[in-house]
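When reading the values below, keep in mind they use all heavy atoms of this one structure, side chains included, and skip hydrogens, waters and symmetry mates. Below, chains carry the letters A, B, ... as their sequence lines are ordered, and counting in each starts from 1.
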2 protein chains.
Amino acid sequence: MTTPNRRTAADDTVAVVVRQWQAVHPGTDTGPMEIIGRINRCAALLQQAEDAPLRRAGLTRPEFDLLGALRRTGRDLTPSGLARETFSSGAAVTKRLKQLQERGLIERHGDVRDRRVAHVTLTDAGRDLVDSILPVQLGYEKDVLSGLDPADQRELSARLGELLRRLEGGTGRAPGLGPGP
Amino acid sequence: MTTPNRRTAADDTVAVVVRQWQAVHPGTDTGPMEIIGRINRCAALLQQAEDAPLRRAGLTRPEFDLLGALRRTGRDLTPSGLARETFSSGAAVTKRLKQLQERGLIERHGDVRDRRVAHVTLTDAGRDLVDSILPVQLGYEKDVLSGLDPADQRELSARLGELLRRLEGGTGRAPGLGPGP
DNA sequence: TTCGAATGTTTTTCTTGTGAAACACTTGCT
DNA sequence: AGCAAGTGTTTCACAAGAAAAACATTCGAA
């Protein structure tokens, strides 16, 4: 007698979950779960692992994402631009800016032409902080991925790119499940 | 002159971000970002898309995960078992149980032997709710993945499985970045 | 020019999750 | 038996984000 609901070295947690669903709803097509469940689980574990270096720097991940957006675009961004760039709500951005400003990592400058808009820039300290954290994150990521050989990595990257383009609606969005009008 | 920071039909958002980092830190190995950035972004978009059917059923995703854990294991679970199964904190589980119980989706029964522990079970309504939502989710997932041909899907699933096993520490955990003592 | 709609940002209110402490009970040692 | 340490669950105080409303300002049409 086998014990199908225990995890072994050859299993990941998703494999176990899929087997459990198969036992309850035999015949269901669980193929999608094996991909999407793994994407979700990988994302959760990766984020958890990468939060550690951020916490050491006194940052949350959304805060780091905000600073990173400023760093990588190279120019200043407005709050709404940052919201777009970091996929977060305007209210959340406002809160983060307030805290990051108090810590001297960013600055706000009012636009001269249009006094509704603010321009957010990194301070030197903010830029240095991002530049000191980024290599740590990339190093960890490289290490995690070193389990896959380079060809597999390219494969994975390409497949995920296809999936992502579809999800981002580059061509044809998911039918029948939109938020509605 | 090219405009490297705009997204085109052949790009996904991650490709744009990677190019921005390359412009700021030329020569950096951004390979890892192309995989891990895409995993994170796919996860975010998938969760957002799958939240819609749940909201229609009056559930949040963590609530559905909890009910799903009860459904797929087939047996009752204790609160701490549910916390383990859904990767969430005990306190969060307690709160969710309270609400789900008020809505008649789960029941709590005290253990006779050990009066500290509670056993959580799905009610008929809870079981029916899960069973009505699950096919919708799987249907959406199947549809999203239909952009990849079956061989690529198996590829993707296998690579993600390798990565996930590594992240879950099946063999060799990421060195040098643990939470520390 | 002046009013109304649109836009950019912030504030408010509410919900949810978390970590620490509290509570309830069991177990093993003496 | 009695008590200390351990375990399972819940409560509490607080931090963070979302949606909607409030503000401030610009822009276009009459």
If you measure from the Lys or Arg side-chain nitrogens to the Asp or Glu carboxylate oxygens, is any gap between B:Arg113 and B:Asp111 under 4.0 Å? no
Closer than 4.0 angstrom, basic N to acidic O: yes or no for B:Asp12 and B:Arg41? no
Between A:Glu85 and A:Thr73: side-chain donor-acceptor atoms closer than 3.5 Å: no
Would you say A:Thr86 and A:Ser88 are linked by a side-chain donor-acceptor pair, where the criterion is simply a distance under 3.5 Å? yes
Expressed as a whole number of angstroms, how long is the span from [X]:[atom1] to [N]:[atom2]?
X	N	atom1	atom2	answer
A:Leu77	C:dG8	CG	P	14 Å
B:Asp111	C:dT27	CG	P	10 Å
A:Asp76	C:dT9	CG	P	11 Å
A:Lys98	D:dG17	NZ	P	13 Å
A:Asp51	D:dA16	CG	P	13 Å
A:Glu102	D:dA15	CD	P	13 Å
A:Asp114	D:dC27	CG	C1'	10 Å
A:Leu82	C:dT10	CG	P	11 Å

Would you classify B:Arg108 as touching base, sugar-phosphate or nothing, given that sugar-phosphate means primed atoms plus P, OP1 and OP2, and contacts are heavy atoms under 4.0 Å? sugar-phosphate
Under 4.0 Å between any heavy atoms, over every strand shown, what does A:Arg113 touch: base, sugar-phosphate, or nothing? Just pick one. sugar-phosphate
Would you say D:dT11 has OP1 or OP2 under 4.0 Å from some side-chain N or O of B:Thr94? no
According to a strict under-4.0 Å criterion, is A:Ser80 in side-chain N/O contact with OP1 or OP2 of C:dT7? no
Salt bridge (Lys or Arg N to Asp or Glu O under 4.0 Å) with A:Glu63: of A:Arg96, A:Lys98, A:Arg103, only one passes, and it is A:Arg103
According to side chain to side chain donor-acceptor pair (under 3.5 Å), who are the partners of A:Asp149, at least two apart in sequence or on a separate chain? none
Interface polar pairs with nucleotides 17-24 of chain C, N/O, under 3.5 angstrom:
{"from": "C:dG17", "atom 1": "OP1", "to": "B:Arg96", "atom 2": "NH2", "distance (Å)": "3.0"}
{"from": "C:dG17", "atom 1": "N7", "to": "B:Lys95", "atom 2": "NZ", "distance (Å)": "2.9"}
{"from": "C:dG17", "atom 1": "O6", "to": "B:Lys95", "atom 2": "NZ", "distance (Å)": "3.1"}
{"from": "C:dT18", "atom 1": "OP2", "to": "B:Ser89", "atom 2": "OG", "distance (Å)": "2.8"}

Between B:Met33 and B:Val14, does a side chain to side chain contact (heavy atoms under 4.5 Å, CB included) hold up when you go through it step by step? CA-CA 8 Å; B:Met33 282 186 41; B:Val14 172; 5.7 Å; no
